[in-house]
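Note sheet for the following structure.
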Amino acid sequence: MVPVEELLLRHELLPVAWEAAVTAASFLRDERPLNLVVESKSTPVDAVTQMDRGAEERIVQILLGARPADGFLGEEGGERIGTTGVRWVVDPLDGTVNYLYRIPMWGVSIAAEVAEESVIGIVLVPEFDEGYVAIKGGGSWLIRHALSGPSWAEQLQVRECHDVSTALTATGFGYSGERRVEQAGVVLAVADKVRDFRRMGCATVDFCWLARGRLDAYYERGLHRWDVAAGYLIAQEAGAIVTGLWGDSPHEETMLASVPQISQQLRDLMRKAHTP
Ligand code: IPD
């Protein structure tokens, strides 16, 4: 365990990222209006609300207020090229549909990338009052009471699982019907080869729960960079292997993350399921 203030000083980008994440998380949790204005994006069920946009605006103000020359990529449209070599990758509200339905699995996700790789990642899950912090090469940490008064950070370690047939496996589905039918086909192909499935509805929670030993594996096709950038580092720094289906990048079209012992088995299984 380390004091939270000490952890946040272990990387120069963490204090401002933490401030932005806490501000957005408090806004989303405490200022939710009675009537959310729901609009659609890529498909009629891909929702965005004034809260997603308001959270991103607050994050941009804090991050770029402190570091105006950095780059930025946000789910709600914020994109700018920077000159420092640091790019912030932000999902201000991951799990928007859960948020709409008051299902507690939603979070704020902020990563800083250098040379296209995340160097820090923060995920806050406000309804559980929890925060997750990862530093490349510096471990992955759980912070309880993240919004109400954090004091200690606990280092995370994935669990052990030696056979994919006993792996509790999370996945997610895209917002287009056609994509979902394909994803259902993969679920069908591996349904009798894993312990069971979970569908949390929030990619960042899937990564964080893998990191803290609540899952053995998580895979999904069609994630966006902002869904993955903080979460993959949190899982990886807790000992998970995070790759693509065919290559090593976590940003490949299909992302696979698991505890190390079953990583190759999972890849083989998924490759078979994806080969017609
Ligand atoms: C979505 C969630 C969901 C995943 C989707 C994502 P959003 O993010 O993380 O779990 O299955 O692929 O797009 O749209 O709620 O930010």
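The residues of the chain are indexed from 1 along the displayed sequence. Start at 1 and go down the list; that is how both ligands and their atoms are numbered.
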Next on the checklist: Salt bridge or not between Asp129 and Arg144? Use side-chain N to carboxylate O under 4.0 Å.
Outcome noted: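 Salt bridge: no.
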Checklist entry - So is Gly174 polar-close to ligand 1, meaning N/O to N/O under 3.5 Å? => result no
Per-atom contacts of ligand 1 with [X], taking only distances under 4.0 Å to non-hydrogen atoms:
X      : value
Leu93  : 16 (O)
Gly201 : 2 (C), 3 (C), 10 (O)
Arg199 : 3 (C), 4 (C), 10 (O), 11 (O)
Glu75  : 14 (O), 16 (O)
Gly172 : 11 (O)
Leu223 : 12 (O)
Ala203 : 2 (C), 9 (O), 10 (O)

Next on the checklist: Heavy atoms only, cut-off 4.0 Å: how does Asn98 contact ligand 1, side chain, backbone, both, or neither?
Outcome noted: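 The answer is neither.
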Checklist entry - Run the salt bridge (charged side-chain N to carboxylate O under 4.0 Å, His left out) check on Arg212 and Glu130 step by step: do they pass? => result CA-CA 12 Å; Arg212 69 185 288 178; Glu130 285 175 348; 2.9 Å; yes
Checklist outcome for this item: A student comparing Thr96, Asp94, Asp91 should find that the heavy atom closest to atom 9 (O) of ligand 1 comes from Asp94
Checklist entry - Given Phe207, which of Tyr232, Tyr219, Tyr218 fulfils the ring pair (Phe, Tyr, Trp, His ring centres under 6.0 Å) condition? => result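 Testing each of Tyr232, Tyr219, Tyr218 against Phe207, the sole residue satisfying ring pair (Phe, Tyr, Trp, His ring centres under 6.0 Å) is Tyr218.
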Checklist entry - Stepwise, does the salt bridge (charged side-chain N to carboxylate O under 4.0 Å, His left out) test hold for Arg221 with Glu182? => result CA-CA 10 Å; Arg221 178 174 173 206; Glu182 283 166 26; 2.2 Å; yes
Determine all donor-acceptor pairs shorter than 3.5 Å in which one atom belongs to a side chain in residues 114-123; sequence neighbours excluded.
{"residue": "Glu117", "atom": "OE1", "partner": "Lys136", "partner atom": "NZ", "Å": "2.7"}
{"residue": "Ser118", "atom": "OG", "partner": "Ala229", "partner atom": "O", "Å": "2.7"}

Next on the checklist: Is there a path of hydrophobic side-chain contacts, each under 4.5 Å between heavy atoms of I/L/V/M/F/W/Y residues, joining Ile135 to Ile234?
Outcome noted: no
Item to check | Identified side-chain hydrogen bond (donor to acceptor under 3.5 Å, both in side chains) partner of Asp268 from the options Gln264, Arg271, Lys272 | outcome: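 Testing each of Gln264, Arg271, Lys272 against Asp268, the sole residue satisfying side-chain hydrogen bond (donor to acceptor under 3.5 Å, both in side chains) is Gln264.
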Checklist entry - Can you check side-chain hydrogen bond (donor to acceptor under 3.5 Å, both in side chains) on Thr96 and Asp52, steps first, answer last? => result CA-CA 8 Å; Thr96 302; Asp52 302 62; 2.8 Å; yes
Checklist entry - Who's the nearest protein heavy-atom neighbour of atom 5 (C) of ligand 1, and how far? => result Glu220 OE2, 3.4 Å
Item to check | Protein heavy atom at shortest distance from atom 14 (O) of ligand 1 | outcome: Tyr175 OH, 2.9 Å
